[in-house]
Amino acid sequence: MKNPFEQLDRILEHRVRLQIMSVLVANETYDFNSLKEVLQVTDGNLAANLKTLEKEKYIIVMKSFINRKPNTRYKVTEKGRSAFKKHLTALEELIRMQR
Amino acid sequence: MTEHRDYRQDLASIRLAMERSVKFLSLSGLSGVLAGLYALAGAALAWRTIYFPHPPYGYRQHYINDHQVLVKLIIVAAIVLLLSLATGYYMSQRKAKKLGVSIWNKTSRDFLGNLFIPLISGGLFIIIIIYRGYFALIAPACLIFYGLALINASLYSVREIRYLGFSEIFLGILAALWPGYGLILWSVGFGLLHIIYGLRMYYRYDREKSI
């Protein structure tokens with residue numbers, strides 16, 4: 001059997017990034033301000049973690065304008081979705097082992 | 001052991017983020033209770049207008065033919081609706097503030113959008129049947145469309161909304177079968193059920209957390 005510790009995704013071992021991915025797999029897209037509200041984190045913290053996820057190609061960024069105001073929306077990629085699933089399975093496995 | 005707790009917290013944080021991002025959780029239970037009380041008061045007024053001095057639970061044989069009575073009933077219903085919406089907005093806004101979220105966000109937009117599509121269709125339908133004089137269908141139409149609206153919106157809020165929706169549809173079908181009991185079934189659906197489900201939501205979500 002594979003060691004579940006090795007199955008954990010190092011990018012998602014961070015609480016805020018894990019929560020961003022949770023929101024994005026549960027919703028088609030989510031914008032920056034709504035994400036900030038749901039996760040109750042600072043602008044800087046959220047932006048930095050979104051950047052990391054983007055660089056890893058777990059999410060894509062969609063910039064547009066609504067009433068001339070910039071609106072940034074995020075969407076999970078297939079790579080991100082399967083990484084999230086794999087990480088979740090590993091978490092479940094670890095909890096089961098330690099029970 | 002500390003690692004054990006950490007993974008559990010990871011899972012809990014996933015659940016929290018998913019729920020908060022999808023569901024409109026600022027919906028206030030107490031505003032449901034108040035809406036129920038307004039509906040009961042409105043129903044009592046309607047009873048005074050239509051049945052007095054007979055008891056409300058008797059099966060009614062005659063129609064509302066008097067035009068003035070009809071206008072009076074529509075005004076009472078409109079006041080109940082407006083008061084309930086205003087209370088719902090005010091109390092949900094207070095709860096949203098306590099939760100640290102805004103009242104107008106993605107979840108409330110999804111919730112209201114899905115609620116109002118069947119609700120407005122039902123409202124127009126009811127205006128037309130009033131105009132055509134099918135008064136026996138008013139109570140069942142109110143209950144059924146409201147129930148459908150709740151079920152449609154329930155994906156974006158707590159699960160009690162879904163059960164309330166099914167109960168309203170059930171009462172609406174009963175009201176269609178026995179149109180003479182329309183007022184009493186309307187009072188149960190909009191009065192009693194709102195109070196019961198409102199209290200349930202209050203004890204389950206609002207009080208224990210006391211955020």
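- Below 4.5 Å, heavy atoms of chain A meet no heavy atom from residues 110-132 of chain B.
- The only option from B:Arg20, B:Glu19, B:Met18, B:Arg15 that meets the side-chain contact (heavy atoms from CB on, under 4.5 Å) definition with A:Ser22 turns out to be B:Met18.
- Atoms CG and CD, from B:Leu11 and A:Glu92 in turn, are 6.5 Å apart once rounded to the nearest 0.5 Å.
- Counted by atom type alone, B:Ser21 and A:Asn27 present one or more donor-acceptor pairs between their side chains at under 3.5 Å.
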Item to check | Check against side chain to side chain contact (heavy atoms under 4.5 Å, CB included), A:Gln19 and B:Ile14 | outcome: CA-CA 6 Å; A:Gln19 287 197 306; B:Ile14 289 172; over 6 Å; no
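- Remark: A:Thr29 OG1 to B:Lys106 NZ distance equals 6.5 Å, nearest 0.5 Å.
- The two residues A:Val23 and B:Ala17 make their nearest non-hydrogen contact at CG2-O, 3.6 Å.
- Applying the salt bridge (charged side-chain N to carboxylate O under 4.0 Å, His left out) rule to pairs touching residues 177-188 of chain B yields nothing, sequence neighbours excluded.
- Across B:Arg8 and A:Ile95, no two heavy atoms sit closer than the pair NH2-CG2, 3.3 Å.
- Heavy atoms of other residues, nucleotides or ligands lying less than 6.0 angstrom from CZ of A:Phe32 number more than 12.
- In this structure, the separation between OH on B:Tyr7 and CD on A:Glu13 is 6.5 Å, given to the nearest 0.5 Å.
- Of residues 57-88 of chain A, those residues with a non-hydrogen atom less than 4.5 Å from any non-hydrogen atom of chain B are, in numerical order, A:Phe84, A:Leu88.
- Of residues 37-54 of chain A, those residues with a non-hydrogen atom less than 4.5 Å from any non-hydrogen atom of chain B are, in numerical order, A:Glu37, A:Val38, A:Leu39, A:Gln40.
- For a residue to count as touching a neighbouring chain, one of its non-hydrogen atoms must lie under 4.5 Å from one of that chain's; by this rule A:Ile20 does not touch chain B.
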